[in-house]
Every structure is written in C-alpha cells, then in structure tokens.
Chemist: 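Right, I'll just put the structure down here and ask away after.
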Amino acid sequence: MKKFWLLPVIAFIAIVSGANAAQAAYCGAISYEGCSSCGGGSVIADGGMAGGEIVSEGAAPAASGGSYTVMRTVRETVMEQVQETRYRTRNETYYEDQVVNRTRMVPETTQREVQYTVMVPTYETRQKTINYTVNKPVYETRTKVINYTVQKPVYETHQKTINYTVMKPVYEQHQRVINYTVKKPVYETRTKTINYTVNKPVYETRTRTINYTVMNPVYETRQRTINYTVYNTVQEQKVRTENYTVQVPQTYTKTITVNGGHWETVTETVPGPMIRRTVREPGTSYYDPCTCKTVYCPGKCRVECVQGCPKTICKKVWVPTCEQKEVTCTKCVTECRTREIPYTVCRRVPECRTKVCEYKVCKMVPECRTKTCNYTVCKMVPECRTKEVCYQVCTMVCENRQKTCNYTTCKMVPECRTKVCNYTVCKMVCENRQKTCNYTVCKMVPECRTKVCEYKVCKMVPECRTRTVCETTCRKECYQETIKVAKCRKVCEPYTVTKCVPRVVCKQVPVTVCCPAPCCGAAVASDDCCSSASDCGCGSASACGCDAAPACGCDAAPACGCDSCCEPAPCCAPKKGCLQNLLDKIFAKPACGCEVIECCDAAPACGC
C-alpha cells in the first residue's frame with residue numbers, strides 16, 4: 001500500500017521521457033529519426049560483421065554516418081488448436097424387472113332356484129238388474145195472439161225555385177301569317193370500289209384404318225353342390241311340478257294398548273347440523289433418483305361431515321297413558337301346495353340335405369377388328385375479289401316558306417237562369433196490426449225402465465312359481481406381474497474439446513537503423529581534443545586524418561594521433577542519475593552495456 005503513491009509520479013515521468021524515447025535507443029548511439037542531418041547513407045541490405053563493425057558492400061563506412069539493416073528477433077504469439085479429452089457426468093435412465101404381487105376380482109356365476117308368487121287373474125261373469133229413468137218427450141200445440149206495429153211510408157210532393165249561372169261560350173275568328181324553314185333533301189348518287197376476301201372451301205377426301213376391340217361373351221355351364229340345413233319341428237310331452245301358495249284365514253287374540261295421556265313441556269338439547277368440509281391428508285416426500293431431488297406429493301382431499309354446535313329448545317311432549325284390552329283378529333297364513341302341470345315342448349331338429357345347382361359363367365373374350373373410315377377434310381382457301389358499290393349521299397338544303405293560319409278564340413260569358421224543381425218528401429206513419437201464431441211445446445215426461453247387464457269380475461289368485469336366478473359374485477385372486485421400474489444412474493462419458501493454446505514463435509525481421517558520425521550528436525571528445533564538430537573536422541572524415549571510424553572501445557588510437565581524443569566506450573551510455581536507475585529497477589529495464597539485450601528494438605551498434 002505504501003508503494004501506490006509512486007504510481008502517479010511514475011506515470012508523469014514516463015510521459016515526459018516518452019518524447020525522447022527515439023533518441024534513447026541503444027543509449028543514444030542509434031536514432032530512429034531521419035538520418036538526413038547525419039549525412040546521406042544507403043541501406044545495408046547484405047551487411048556483414050568485420051572487425052567488430054558492420055560493413056556494407058559498396059557503401060561508405062559507418063563512421064561517416066548513414067543507415068543500415070539489421071535482423072531483429074521478434075516474438076509472435078500464435079494460437080494453435082489442440083484437441084483435449086474431457087469427461088462429463090450425465091444421468092442415464094435404465095429399467096429393471098420387478099415382480100409385484102397384485103390382486104384382482106374374478107367374477108363367478110352361480111345359479112339358484114327362487115320361488116315366487118304370481119297373481120293370476122281369474123275372470124267371472126255376473127248379471128245385475130239396473131233400474132233407470134228415461135225422459136220421454138210429449139208435444140202440445142198452443143195458440144197465441146201477437147200485437148205489433150208497422151211503419152207505413154206516406155209520400156208528399158213539394159216545389160222550389162232555384163237560381164243558377166251558366167257560362168255561355170262566345171267564339172271569334174282571327175288570322176296570322178307564319179314564316180318557317182323547311183329542310184329539303186337533295187340526293188346524289190356516287191360509286192366506290194371495295195376489295196374483299198372470300199374464304200372458298202376446298203374439300204379433300206381421306207382414308208384411315210381404325211383398330212378396335214370387341215368383347216364377345218362366351219357362356220360356360222358349371223355345377224356346384226350346396227349343403228343346406230332343414231329344421232323339422234318335433235313335439236315332446238313333459239310334466240312340471242309347480243308350487244303355489246294359498247292364503248288360509250286364521251283367527252287369533254291379541255292384547256292391544258290404547259293410547260291416552262297429556263302434554264308436558266320438556267327442555268331438550270338438539271345436536272347441531274352436519275357440515276361438510278374438505279380436509280387434505282398429510283403429504284409424503286420421496287427421493288426421485290432421475291432428478292436427484294426430493295419430491296413432495298400433497299395428500300388427497302377428502303370430504304368429511306362434522307357436526308355443528310348443539311341448540312337448546314323447549315317443546316311440548318305428549319305423555320301417553322297405556323290401557324290394555326284384548327282384540328280378536330283374523331290373519332291370512334300362506335300355505336304352500338304342489339301340483340303337476342303337463343305341457344308340450346316343440347323342438348327344432350336340424351336335418352342336413354344336399355342339392356346340385358347349375359349356373360352359367362359369362363366370360364368376355366376380347367376380339368380385335370379393323371375398319372376403314374373415309375372422312376372429308378375441308379380447307380378454307382382465301383380468294384380476293386372486287387366489287388363496285390353505288391350509294392346515295394343525301395344533303396339537306398334549307399328552303400323558306402310562308403303560310404296563313406286561321407284560328408278561333410273562345411270567351412266564356414256568364415248568363416243567369418231560373419228553374420223550378422219538384423221533390424218528394426217521405427214520412428213514416430205508425431200502423432197497429434195483429435196476428436195469431438201456433439207453436440208447439442215439448443214436455444219431458446219421466447218413464448221408468450229396467451235392463452239386465454252382464455259384467456266381468458276379476459279375482460287375483462296367487463300362484464307359486466320357480467325360476468332359476470344367475471348370481472355373479474366376485475372373489476379375490478392374487479397374481480404376480482412383472483413391471484419395468486425406472487432407475488437413474490450416473491454415467492461418465494468422454495468428449496473431445498478443441499481449444500486454442502498460445503505459443504510464442506521467434507522470427508527474424510529486417511529493421512533499418514540510422515547510425516550518426518561519432519563526433520556528431522553526443523559529446524565523446526574531451527575539451528582539449530575536439531570542443532565542437534568544426535574543431536574536430538566533422539565536415540569530412542579526412543580532416544581529422546582518420547581513414548575509418550574508430551573501433552568501439554577505442555582499443556587502438558585513431559589515425560589522427562590524438563591520444564585522448566576518444567573515450568574508452570563511445571557507444572556505451574553515460575552515467576545515469578538516481579531517478580533513472582529507480583525507474584529501470586521498477587520496470588525491470590536492463591542497463592545498456594555490452595551484453596546481448598533481448599528487449600532492445602535492434603541489435604546494438606557496437607557489435608557486442
């Protein structure tokens with residue numbers, strides 16, 4: 001936690017120092033910037049190491065400044081597909097045979113004879129005399145006088161004078177001249193030539209052969225034997241024993257109790273009403289091996305009756321008093337008797353017979369035939385014709401005419417007239433009249449008569465009969481049944497998975513590097529040797545008298561004779577401060593020396 005305060009400081013320093021990262025490659029000995037300031041040089045395509053320095057064939061020495069190509073080792077991560085076998089567990093359901101004891105109900109049919117009584121109707125004809133009364137009509141003729149009034153019409157003639165107005169027409173003759181125009185037709189005959197095409201039929205007779213098939217019937221007589229059964233009726237006499245019941249009267253004496261008593265008020269507790277309610281039984285839990293879970297099954301719902309709260313009521317109770325007395329009673333006692341009844345049974349006896357039947361079979365035999373048909377083909381041949389047609393053209397010419405019309409005008413002139421009308425008035429006058437009517441009166445006179453009627457009386461006579469009754473009962477039968485029981489087990493099965501695995505591959509990549517002159521850039525000369533580039537003669541390598549760039553490490557003195565012109569390690573980095581060393585320790589950056597450093601962008605220029 002104490003080191004976290006260094007993170008903002010380290011980030012700020014990294015941003016500031018990143019601007020000069022291009023110049024810090026190989027401690028400032030190699031620059032990735034443009035090499036135009038260091039002099040133009042050619043790229044070393046096929047360079048080699050000679051005496052600890054990189055030399056290009058046909059190029060200037062490295063000491064004079066330029067660029068060259070080195071092979072850089074680049075680590076590249078490649079994803080490879082690798083198949084891996086894994087294992088997974090799945091639940092497999094299998095079935096085992098299990099013998100289960102079960103119970104089933106097997107129906108059994110038994111027969112037993114049941115005696116029963118049938119009431120047989122017995123009809124008896126009886127006679128009875130019926131006295132009845134009949135109303136006999138007696139007719140009597142009577143006479144009565146009817147007085148009535150008749151309305152008699154009396155007619156009177158009257159006169160009255162009527163004044164009325166009549167419109168009398170007065171006619172007057174007039175004349176006027178009418179100018180009108182008449183369209184007069186003028187006909188002109190013209191001629192024009194019409195070209196038209198007529199389709200002229202040309203008939204051609206052709207012949208073709210038609211093959212057709214005719215089905216000829218061929219009849220064949222066959223025989224077959226038919227077995228059939230005839231049922232003959234055979235009568236057989238049998239006797240059956242019949243049990244019947246007779247009701248025999250029997251007299252006996254019994255003591256009865258005559259009820260009497262009085263009312264008393266009693267307080268009674270009445271139980272509450274029965275209430276139906278639904279109750280669920282407790283559930284059960286079991287372990288399901290297929291799902292590997294505990295499954296809860298709720299109990300069944302059942303309806304039970306619960307009695308409600310009791311109520312206390314007051315009611316009047318009749319308190320009986322008992323008196324004993326003897327009564328003579330008659331009862332009918334059933335007595336079973338037996339009798340034999342002869343009856344006839346008809347049986348159908350089968351008898352097998354045989355007969356031979358003849359039948360015809362018709363087969364249709366195909367027969368191929370040929371016929372020649374003549375047919376006519378009509379072709380329409382176009383023919384061009386010409387005709388002249390005369391037609392009339394009608395032109396309407398206007399003609400002015402004049403005529404004089406006479407017309408009559410009618411005017412209605414009113415004229416007053418008078419007439420005398422006769423009219424008749426009818427008055428109804430009442431007149432009394434009298435008539436005599438004869439009418440018949442009918443009286444119903446009762447008359448007693450007697451008749452004898454026959455009627456039938458039906459008595460039900462008990463008769464004992466016997467019948468066979470089939471009863472079906474069920475009995476329990478135990479049996480064993482083999483059932484399939486599902487069980488669950490875990491199975492481990494392999495499966496193949498293809499996954500991508502990263503792998504680091506090293507390959508050589510050519511990199512173009514820029515190398516400056518030894519006297520340019522960093523100050524490698526001492527103050528007394530070359531204080532500036534002009535003093536050392538960096539304008540040309542021949543000014544210093546050096547034929548070639550000095551070797552790294554200055555193992556040999558330069559050709560110019562300067563004993564202290566170069567430091568012992570011109571390609572190594574100068575001494576670093578405390579802050580730079582701290583950053584190198586944190587980011588694990590090795591010091592730039594004459595060791596093989598894999599983290600550098602290119603091979604060192606010193607040839608180490």
Side-chain angles (χ1 to χ4, degrees), residues 93 95 97 99-100 102-116 118 120-121 123 196-242 340-385 463 465-486:
T93 303
Y95 295 90
D97 292 341
V99 179
V100 181
R102 298 185 184 276
T103 305
R104 63 185 173 194
M105 304 301 291
V106 180
E108 289 184 352
T109 304
T110 56
Q111 293 183 350
R112 65 185 181 92
E113 291 187 351
V114 178
Q115 291 185 353
Y116 63 97
V118 178
V120 180
Y123 296 96
Y196 64 96
T197 302
V198 178
N199 286 324
K200 191 174 182 181
V202 177
Y203 297 95
E204 182 183 352
T205 302
R206 296 181 184 177
T207 304
R208 66 178 174 184
T209 303
I210 299 174
N211 297 321
Y212 64 97
T213 303
V214 178
M215 303 297 288
N216 293 325
V218 176
Y219 295 95
E220 181 183 352
T221 303
R222 296 183 184 177
Q223 289 184 348
R224 66 178 174 185
T225 304
I226 299 174
N227 298 322
Y228 64 98
T229 304
V230 178
Y231 286 89
N232 298 323
T233 303
V234 179
Q235 292 185 353
E236 184 180 348
Q237 298 292 330
K238 291 187 179 182
V239 178
R240 69 180 177 188
T241 302
E242 188 178 42
E340 291 185 352
I341 300 174
Y343 64 96
T344 304
V345 177
C346 292
R347 265 189 321 153
R348 305 277 290 177
V349 179
E351 180 183 350
C352 294
R353 295 182 184 179
T354 305
K355 66 180 178 180
V356 178
C357 294
E358 291 186 354
Y359 63 97
K360 284 186 178 182
V361 177
C362 177
K363 290 183 180 179
M364 303 301 287
V365 178
E367 179 183 351
C368 293
R369 295 182 183 180
T370 304
K371 65 179 179 180
T372 302
C373 293
N374 297 324
Y375 63 97
T376 303
V377 178
C378 178
K379 291 183 179 180
M380 302 302 287
V381 178
E383 181 182 348
C384 293
R385 294 184 183 179
E463 180 180 343
R465 295 183 183 178
T466 305
R467 66 181 176 186
T468 302
V469 179
C470 294
E471 293 182 349
T472 302
T473 58
C474 294
R475 63 180 177 84
K476 286 187 177 181
E477 179 181 336
C478 296
Y479 68 98
Q480 289 184 343
E481 183 181 357
T482 302
I483 61 174
K484 298 285 186 180
V485 179

Chemist: Report the distance from atom CZ of Arg208 to atom SG of Cys373, rounding to the nearest 0.5 Å.
Modeler: 6.5 Å
Chemist: Is any side-chain heavy atom of Ile226 less than 4.5 Å from a side-chain heavy atom of Thr354?
Modeler: no
Chemist: At what distance, to the nearest 0.5 angstrom, does CD of Glu242 lie from OG1 of Thr466?
Modeler: 8.0 Å
Chemist: Would a 4.5 Å heavy-atom cut-off, applied to side chains only, mark Arg467 and Val469 as touching?
Modeler: yes
Chemist: Nearest 0.5 Å please: distance from the OG1 atom of Thr207 over to the CG atom of Asn374.
Modeler: 4.0 Å
Chemist: Does Tyr219 OH have over 12 foreign heavy atoms under 6.0 Å away?
Modeler: no
Chemist: Would you say the side chains of Arg348 and Thr233 form a donor-acceptor pair under 3.5 Å?
Modeler: yes
Chemist: Measure the spacing between CD of Glu108 and OG1 of Thr110 and express it to the nearest 0.5 Å.
Modeler: 8.0 Å
Chemist: Around atom OH of Tyr123, are there more than 12 heavy atoms from other residues, nucleotides or ligands closer than 6.0 Å?
Modeler: no
Chemist: Side-chain contact test, heavy atoms from C-beta onward, threshold under 4.5 Å: evaluate it for Tyr231 versus Glu351 and give yes or no.
Modeler: no
Chemist: List the atom pairs, donor and acceptor, that lie under 3.5 Å between side-chain atoms in residues 355-372 and the rest of the protein, sequence neighbours left out.
Modeler:
from	atom 1	to	atom 2	distance (Å)
Glu358	OE2	Gln223	NE2	2.8
Glu367	OE1	Asn216	ND2	2.1
Thr370	OG1	Asn211	OD1	3.1

Chemist: Kindly indicate whether the side chain of Arg465, heavy atoms from C-beta on, has any atom under 4.5 Å from the side chain of Val114.
Modeler: no
Chemist: Do the side chains of Glu481 and Val99 get nearer than 4.5 Å, heavy atoms only?
Modeler: no
Chemist: Can Thr468 and Glu113 be counted as having a side-chain donor-acceptor contact under 3.5 angstrom?
Modeler: no
Chemist: Rounded at 0.5 Å granularity, tell me how far CE in Met105 sits from CD in Glu477.
Modeler: 10.5 Å
Chemist: To the nearest 0.5 angstrom, please state how far the OG1 atom of Thr344 sits from the CD atom of Gln237.
Modeler: 3.5 Å
Chemist: Taking OH in Tyr228 as the centre, count heavy atoms belonging to other residues, nucleotides or ligands within less than 6.0 Å. Is the count above 12?
Modeler: yes
Chemist: For Arg240 and Glu340, what are the C-alpha separation, side-chain angles and deciding distance, and is it a salt bridge (Lys or Arg N to Asp or Glu O under 4.0 Å)?
Modeler: CA-CA 6 Å; Arg240 69 180 177 188; Glu340 291 185 352; over 6 Å; no
Chemist: Side chains of Arg222 and Arg224, heavy atoms from C-beta outward: is any pair under 4.5 Å?
Modeler: no
Chemist: Just wondering, more than 12 heavy atoms not from Tyr203 lying within 6.0 Å of its OH?
Modeler: no
